[in-house]
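The structure under discussion appears below in the form of structure tokens.
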Amino acid sequence: MTDPKAINHRSAHITEGKARAPNRSMFYGMGYKEGDFKKPMVGVANGHSTITPCNSGLQRLADAAIEGIQLAGGNAQVFGTPTISDGMAMGTEGMKYSLVSREVISDCVETCVQGQWMDGCVVIGGCDKNLPGGMMGMLRANVPSIYVYGGTILPGCVNGCDLNIVSVFEAVGENAAGKISDGQLKEIEQHAIPGTGSCGGMYTANTMSSAFEAMGMSLPYSSTMANPHQEKVDSARESARVLIEAIQRDLKPRDIVTKKSIENAVAVIMAVGGSTNAVLHFLAIAHAAGVDWSIDDFERMRKKVPVFCDLKPSGKYLAVDLHKAGGIPQVMKMLLNAGLLHGDCMTITGKTIAETLADVPDAPRADQDVIHPIDQPLYKQGHLAILKGNLSTEGCVAKITGLKNPVITGPARVFDDEQSALAAILDHKIQAGDVMVLRYLGPKGGPGMPEMLAPTGALIGEGLGESVGLITDGRFSGGTWGMVVGHVAPEAAVGGTIALVQEGDSITIDARQLLLQLNVSDEEIARRRAAWKAPAPRYTRGVLAKFARNASTASRGAVLDAFD
Ligand SMILES: CC(C)(O)[C@@H](O)C(=O)O
Ligand SMILES: [Mg+2]
């Protein structure tokens, strides 16, 4: 029998006793010595890949984590997790694999940690889905674990202006509108990405890393460090040391990820003006944690938490600027003082949130304007509003930063795929006042809820971001802003009202009244519903078909294991 209190009590299942001689011999083949079987086996879920700049700088962090595990008396066991580059797949059929990759990554982490009886795990990731995927895997396995974010990219530069990937998406629209030349577009394309790291604004990866730090699952300050900087490597090594202590304490992810710590994470997401994807991912994370959390909880949090960090996409600054201004601990300290954060939540270091923030100044430094005083916010309430109405009875997500008046009523311009919608924008067929409807792009319909950054970026570039509404049952990039409403549920593929919209119908988006409405009579909607036929699935084999068959509705996180 294994000793449940021992630091290696899980790995002992495969390393202790005479009957495990064959299992041990496999370890000897990898260089293990007799005493090593008393040490904890610590997984390193390594997201390194040369697919994307978000992940091509992770090996240094994995090496540091391995070193940290060994220095602290553990055995490191490295395994790989895959990634899709949202920035590269964007606008193409490939983007339908992006949300799928969240599930694949979560399955990798759960499978390796559980199948190999690991005693703990360091999960290292860069691009968007690496973060929720890794967290969901950690929560399902519920073995002491820490998240090490790969870190943000540094800004690119043309003529003294900071650039990032979203600058290039917007430049496509500026070029189509004749505002910049082909030569200028080329120059932006060639200088926006100066090296390794995840997309640099408060986009999805940086939003999720900030939320994980707030939730207590990553080290303080680590979520806004830049990938190329040495402090990121040092923090990966330190994360490994902290994890070994967590294993000694048997401090598990579900001891840390609770309803209260998810509230802390969502408070920070609102404060920094984070990505709409956070709504989908936190529904999925709560599901993996067994925490009771619904789409309405985001609206509850939004009403009380202001946006007080001036960050892109609609604001001025990048994640590196937030780091210099005091990082997530500064934001958290201000939320704590305002009674908007639970100080008693536990973190992976074994300290509570209040203990962690004890030495952080109460007010942000005066020589910066990235973090505003909380009583002089950019927006008095959060920016991720949950709208409901006859077009979305389950709820959908509107991002309302950067808009003077997030209200529009206009004629529907209907597209059953993303590419023809982008072509219509670039061909100047969309006018101010229109409400674009991009549908059959939901969890089942897309399948996989691709992100609509190409059309929304083009609208911004053409100067139509505030005057054209765009609703979709797909998702948005963290780089998207404008009159946009995503995750419309029920989705078109299951006969949601969005499937019944006809070209020219009047649609109202009213983020003040929290309303998404098709201005067509109930009788007419009922008549159209009776005549509606589900389209044939776009995929009948392979991973997209599996995803389409099993994914829950977006209002429950588009997870694959919602069996209740
Ligand atoms: C390409 C981006 C900006 O990373 C996007 O995928 C996001 O969601 O933030
Ligand atoms: Mg993304």
Side-chain angles (χ1 to χ4, degrees), residues 90-91 166-181 184-185 273 276 312-315 378-379 383-385 387 389-392 396-439 441 451-477 479-488 497-498 501-520:
M90 194 73 73
V166 177
S167 323
V168 196
F169 280 98
E170 294 179 358
V172 172
E174 288 171 36
N175 177 257
K179 295 182 195 168
I180 60 169
S181 67
Q184 285 170 305
L185 175 60
T276 48
K312 287 181 185 300
S314 63
L378 284 101
Y379 306 91
H383 63 301
L384 299 177
L387 312 191
N390 65 358
L391 256 174
S392 183
C396 53
V397 187
K399 192 177 200 181
I400 50 180
T401 32
L403 299 175
K404 284 182 212 82
N405 187 26
V407 179
I408 186 172
T409 293
R413 306 295 312 277
V414 181
F415 302 90
D416 288 352
D417 68 294
E418 179 194 354
Q419 286 72 20
S420 52
L422 177 64
I425 297 167
L426 297 179
D427 292 347
H428 312 293
K429 291 187 178 134
I430 302 296
Q431 267 115 50
D434 286 346
V435 178
M436 299 180 73
V437 179
L438 279 62
R439 66 186 181 188
L441 293 164
E451 291 179 354
M452 305 291 129
L453 180 57
T456 62
L459 284 174
I460 297 290
E462 289 204 12
L464 293 170
E466 289 205 53
S467 54
V468 169
L470 190 153
I471 72 166
T472 181
D473 49 8
R475 294 184 294 134
F476 294 119
S477 155
T480 289
W481 64 282
M483 276 299 295
V484 293
V485 182
H487 313 191
V488 169
T497 309
I498 190 171
V501 178
Q502 293 179 357
E503 183 82 6
D505 282 350
S506 167
I507 290 179
T508 296
I509 304 171
D510 188 336
R512 302 234 182 277
Q513 309 286 330
L514 304 178
L515 186 70
L516 183 66
Q517 186 166 284
L518 177 62
N519 300 312
V520 166

Practice prompt. In sequence, state the C-alpha distance, the side-chain angles, and the governing distance for L470 and T456, and then conclude on side-chain contact (heavy atoms from CB on, under 4.5 Å).
Written response: CA-CA 8 Å; L470 190 153; T456 62; 4.1 Å; yes

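- A search for side-chain contact (heavy atoms from CB on, under 4.5 Å) contacts involving L426 returns V172, A176, L422, A458, E462, not counting sequence neighbours.
- Residues passing the side-chain contact (heavy atoms from CB on, under 4.5 Å) test with P313, sequence neighbours excluded: Y203, K399, W481.
- Heavy-atom minimum distance, I460 versus G465: CD1-CA, 3.8 Å.
- Residues satisfying the side-chain contact (heavy atoms from CB on, under 4.5 Å) test with N519, not counting sequence neighbours, are T409, S506, T508, Q517.
- Listed by chain and number, the residues in a side-chain hydrogen bond (donor to acceptor under 3.5 Å, both in side chains) with Q184 are S181 (sequence neighbours excluded).
- Residue pairs meeting the side-chain hydrogen bond (donor to acceptor under 3.5 Å, both in side chains) criterion with at least one member in residues 419-428, sequence neighbours excluded: D417-S420.
- Contact annotation: the side chain of L515 never approaches that of L387 to less than 4.5 Å [non-hydrogen atoms, C-beta and beyond].
- Considering CZ of R413 and CD1 of I425, their distance stands at 10.5 Å, rounded to 0.5 Å.
- The two atoms that bring A454 and G91 nearest to each other are CB-CA, 4.4 Å, heavy atoms only.
- No donor-acceptor distance shorter than 3.5 angstrom exists from the side chain of Y379 to the backbone of G273, with no hydrogens or angles considered.
- Side-chain contact between N405 and R512: present, with at least one pair of heavy atoms (C-beta onward) separated by less than 4.5 Å.
- Taking all atoms of both residues into account, the shortest heavy-atom contact from L185 to A171 is CD1-CB, 3.6 Å.
- Residues M452 and F476 form a side-chain contact, since some pair of their non-hydrogen atoms from C-beta on lies under 4.5 Å apart.
- Separating the CZ atom in F169 from the CD atom in E174 is a distance of 14.0 Å, to the nearest 0.5 Å.
- The structure places CG of L518 at 7.5 Å from OG1 of T497, a figure rounded to the nearest 0.5 Å.
- Closest of all the heavy-atom pairs between P406 and I400 is CB-CG2, 3.6 Å.
- Counting only heavy atoms from C-beta outward, the side chains of L516 and I471 approach each other to under 4.5 Å.
- Put simply, CG on L453 and CD on E418 are 9.0 Å apart, with the number rounded to the nearest 0.5 Å.
- Remark: the backbone N or O of G479 is not paired with any side-chain donor or acceptor of K312 at under 3.5 angstrom.
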Discussion item. With side-chain contact (heavy atoms from CB on, under 4.5 Å) as the criterion, how do M483 and L403 come out once you've worked through the C-alpha distance, each side chain's angles and the decisive distance to 0.1 Å?
Written reply: CA-CA 7 Å; M483 276 299 295; L403 299 175; 3.5 Å; yes

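- Atom CD1 of residue I408 and atom OG of residue S467 lie 7.0 Å apart, to the nearest 0.5 angstrom.
- M436 contributes atom CE, which lies 4.0 Å from atom CD1 of I430 (distance to the nearest 0.5 angstrom).
- A412 meets the side-chain contact (heavy atoms from CB on, under 4.5 Å) test with V414, V437, V501, D505, I507; sequence neighbours excluded.
- Taking the side chain as every heavy atom from C-beta outward, I509 and V435 approach each other to under 4.5 Å.
- Listed by chain and number, the residues in a salt bridge (charged side-chain N to carboxylate O under 4.0 Å, His left out) with E466 are K404 (sequence neighbours excluded).
- Legend: residues meeting side-chain hydrogen bond (donor to acceptor under 3.5 Å, both in side chains) with S477, ordered by chain and number and at least two apart, are absent.
- A search for side-chain hydrogen bond (donor to acceptor under 3.5 Å, both in side chains) contacts involving D416 returns R439, not counting sequence neighbours.
- None of L438, T472, L441, D473 except one satisfies the side chain to side chain contact (heavy atoms under 4.5 Å, CB included) rule with I498; the exception is D473.
- Evaluation of the side-chain hydrogen bond (donor to acceptor under 3.5 Å, both in side chains) rule for D510 yields no partner, not counting sequence neighbours.
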